[in-house]
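Structure first, then comments.
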Amino acid sequence: MSTIIRNGTLVTMNSRRDILRADILIEGDRIKEIGELKGYKARQEIDAAGMLVIPGLIQSHIHLCQTLFRGAADDMELLDWLKQRIWPLEAAHDEESLYYSALLAAAELISGATTSIIDMGTVRHSDSLFQAVKQSGLRYLGGKCMMDCGDEVPEELIDSREKSLQESMDLFERWNGQEQGRIHYAFCPRFAVSCSEELLREVSQLSEKYKIPVHSHASENRGEIKIVEEKRGLRNIPYFEQLGLCHEKVILAHCIHINEEEMKILAEKQVNVVHCPASNLKLASGLAPVPPLLDMGARVSLGADGAPCNNNLSQFMEMRLAALIHKPFYGPTSMPAEKVFEMATLGGAQAMGQEEEIGSLEPGKKADLAIVNLGHWHNQPATHSSVYSQLVYQALSSDVRATMVDGRFLMQNAALLTIDAEAVKINSEKALDRILRRAGLK
């Protein structure tokens, strides 16, 4: 299949940060050529005049399994939010409910120009989640949530260490590299509070042996940090470093309450830190020290986290918040729009370990992209302002006209092509009703 997208303004995110009025030729799953392509013909031609063509947005921390719980856990802090709502709801999932939770999230993500995600599933029914990802067309890195201890954790979410590791390796064997490499597996120990030291040590060893990324949470909440210090004798980041879980294949969400020593570890070890501003605000967790981390050379990308701690999965909202919330503390130039857009594209690609394949529009790279219409009132006037300002401060998910992964449109003319939207809405409502009853919350 060949496609030419003509007349768009390409926000390339290449090393020169070229902004080009050009055509883009896609053959198979890759970008073949960028430029004036008048002599070229393709099976499919799209006119993007007056629109931006951008690299697909990459969210480095998502919980597809929680999308059904949107609005069911508002106005709570992290540990109460987990114990009173999220863990009971996750424990009540069945295969079908998890499938529709993942598809519901995928529909929203695709509609908002997100093409790639790093996800953390729940403890059970993981194959259903992968089936939904396979159907959706999203690029995916993630896996089964690993938990083998913790206070007030439902028994349905507690595995033995041996079972957690075995199921994770089985899922790795079944799903890693599937869909021509679009789906990849990551170990997902939830956080130090709910994982034994033995489990974390074995995850570290297996990660090194098989080159499997590790996706976890760290230093999101002061109460969480206190528990880790009391039970493990160290703060989160030094503790993870001691276990061999501070390196470039580790993705740590949040990293809010970290001191100078921890910031230095994250930067020197090139750990992938994920900034989730909307979630951090809603759960009253705090503000991550992102500008200092960036100044130290740390890797930082963006994610929406889960629907029940954010209420939407828009990367445009995360970009806007990331650009705004740090300015009162670090100054108006601390988070420029171009840098924030880089975090949402190349930063996410680096966190996924796929910076040579995705994150920018360049010949030879995967054809993961989106087309954004700047014709609405909130983008006017549209001809003189920086495209980075337009994308970070002004654009909304509703401005996205098309989303492509691997050279295949997942949405075109704002219509989803891989997901039956009405069926997902109907079945999601039925699944949530079933979960609420099973969890004793209805």
- [ ] May I have the step-by-step check of salt bridge (charged side-chain N to carboxylate O under 4.0 Å, His left out) for Glu198 and Arg161, ending in yes or no?
- [x] CA-CA 8 Å; Glu198 293 77 15; Arg161 174 177 54 85; 5.7 Å; no

Task: Verdict with reasoning, Leu346 to Ser360, per side chain to side chain contact (heavy atoms under 4.5 Å, CB included) - done: CA-CA 7 Å; Leu346 291 167; Ser360 61; 4.1 Å; yes

TODO: Carefully, step by step, assess Ile251 and Leu141 under the rule side chain to side chain contact (heavy atoms under 4.5 Å, CB included).
DONE: CA-CA 11 Å; Ile251 304 115; Leu141 173 65; 4.2 Å; yes

Open item on the list: Let's go through Ile358 and Ser116 carefully: what are the C-alpha distance in whole Å and the side-chain angles of both, what is the deciding distance for side chain to side chain contact (heavy atoms under 4.5 Å, CB included) to 0.1 Å, and is it a yes or a no?
Closed with: CA-CA 9 Å; Ile358 59 176; Ser116 300; 3.8 Å; yes

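By the 6.0 Å contact criterion, CD on Glu356 is open, its count of non-hydrogen atoms from other residues, nucleotides or ligands being 12 or less. Heavy atoms from other residues, nucleotides or ligands lying under 6.0 Å from CZ of Arg438 number more than 12. For Met317, the CE atom counts as loosely surrounded, since its 6.0 Å shell holds 12 or fewer non-hydrogen atoms of other residues, nucleotides or ligands. The number of heavy-atom neighbours closer than 6.0 Å to CD of Glu229, taken from other residues, nucleotides and ligands shown, is above 12. The environment of NZ in Lys249 is crowded: more than 12 heavy-atom neighbours from other residues, nucleotides or ligands sit within 6.0 Å. Surrounding CD of Glu197 are more than 12 heavy atoms belonging to other residues, nucleotides or ligands, all under 6.0 Å away. The 12-atom threshold is not exceeded at NZ of Lys430, counting heavy atoms of other residues, nucleotides or ligands nearer than 6.0 Å.
Minimum interatomic distance between Asn310 and Ala278 (heavy atoms only, all atoms of both residues): ND2-CB, 3.4 Å. Across Thr12 and Pro55, no two heavy atoms sit closer than the pair O-CG, 4.0 Å. When all heavy atoms are compared, the tightest approach of Leu157 to Val123 is O-CG2, 3.4 Å.
By the ring pair (Phe, Tyr, Trp, His ring centres under 6.0 Å) test, His215 pairs with His61, sequence neighbours left out. For Lys425, the salt bridge (charged side-chain N to carboxylate O under 4.0 Å, His left out) test picks out Glu422, with sequence neighbours left out. Phe187 pairs by the ring pair (Phe, Tyr, Trp, His ring centres under 6.0 Å) definition with nothing, not counting sequence neighbours. Listed by chain and number, the residues in a salt bridge (charged side-chain N to carboxylate O under 4.0 Å, His left out) with Arg408 amount to none (sequence neighbours excluded). The ring pair (Phe, Tyr, Trp, His ring centres under 6.0 Å) test applied to Tyr99 returns no partner, not counting sequence neighbours. The ring pair (Phe, Tyr, Trp, His ring centres under 6.0 Å) check on Trp81 picks up nothing, with sequence neighbours excluded.
When side chains are defined from C-beta on, Leu10 does not count as touching Ile5, because their heavy atoms never get closer than 4.5 Å. When side chains are defined from C-beta on, Arg190 counts as touching Leu82, because their heavy atoms get closer than 4.5 Å. Counting heavy atoms from C-beta outward, Leu20 and Leu361 have side chains that stay 4.5 Å or more apart. Taking 4.5 Å as the limit, every side-chain heavy atom of Glu77 sits out of range of all side-chain heavy atoms of Leu283. Leu234 is not listed as a side-chain neighbour of Val228, based on a closest heavy-atom distance of 4.5 Å or more.
Each salt bridge (Lys or Arg N to Asp or Glu O under 4.0 Å) pair with one or both residues in residues 129-145, not counting sequence neighbours, appears once here: Arg139-Asp368, Arg139-Asp406, Lys144-Asp159, Lys144-Glu167. Listed by first and then second residue, the side-chain hydrogen bond (donor to acceptor under 3.5 Å, both in side chains) pairs that reach into residues 260-269 are Arg235-Glu262, sequence neighbours excluded. Note on residues 423-442: no pairs pass ring-ring contact (aromatic ring centres under 6.0 Å, His included), not counting sequence neighbours. Residue pairs that meet the ring-ring contact (aromatic ring centres under 6.0 Å, His included) test with at least one member in residues 298-344, sequence neighbours left out, are His275-His326. Applying the ring-ring contact (aromatic ring centres under 6.0 Å, His included) definition to pairs two or more places apart or across chains, those involving residues 132-164 are Phe130-Tyr140.
Arg320 contributes no side-chain N or O that, together with a main-chain N or O of Val392, makes up a donor-acceptor pair within less than 3.5 Å. Between the Gln270 side chain and the Gly297 main chain, a donor and an acceptor come within less than 3.5 Å of each other. A side-chain donor-acceptor contact under 3.5 Å links Arg85 to the backbone of Ala72. Under a 3.5 Å cut-off, the side chain of Ser111 and the backbone N or O of Ala107 do form a donor-acceptor pair.
Between the side chains of Asp170 and Gln166, a donor-acceptor pair is found at a separation under 3.5 Å. Defined by atom type and a distance below 3.5 Å, a donor-acceptor pair is missing between the side-chain atoms of Asn312 and Glu108. Using a 3.5 Å distance cut-off with no hydrogens or angles, the side chains of Asn280 and His254 do pair a donor with an acceptor. Residues Ser196 and Asp148 bring a donor and an acceptor atom of their side chains to less than 3.5 Å of each other. Side-chain contact, Gln66 with Asp305: no donor N or O sits under 3.5 Å from an acceptor N or O.
Taking CG of Asp399 as the reference point, atom CD of Gln394 lies at 9.5 Å (rounded to 0.5 Å). If you take CD on Glu90 and OG on Ser101, they are separated by 9.0 Å, rounding to the nearest 0.5 Å. Considering OG of Ser97 and CG of Leu89, their distance stands at 10.0 Å, rounded to 0.5 Å. Expressed to the nearest 0.5 Å, how far CD1 of Ile419 lies from CG of Leu104 amounts to 9.0 Å. Rounding to the nearest 0.5 Å gives a distance of 11.0 Å between SG of Cys188 and CD1 of Ile212. Leu245 contributes atom CG, which lies 10.5 Å from atom CD1 of Ile237 (distance to the nearest 0.5 angstrom).
Tested against Glu357, the residues Lys366, Arg30, Lys365 include a single side chain to side chain donor-acceptor pair (under 3.5 Å) partner, Arg30. Leu64 pairs with exactly one of Leu109, Leu98, Thr122 by the side-chain contact (heavy atoms from CB on, under 4.5 Å) rule, that one being Leu109.
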Without placing hydrogens or testing angles, list every side-chain donor-acceptor pair under 3.5 Å for residues 331-340, not counting sequence neighbours.
from	atom 1	to	atom 2	distance (Å)
Ser334	OG	Gly331	O	2.7
Lys339	NZ	Glu342	OE2	3.0

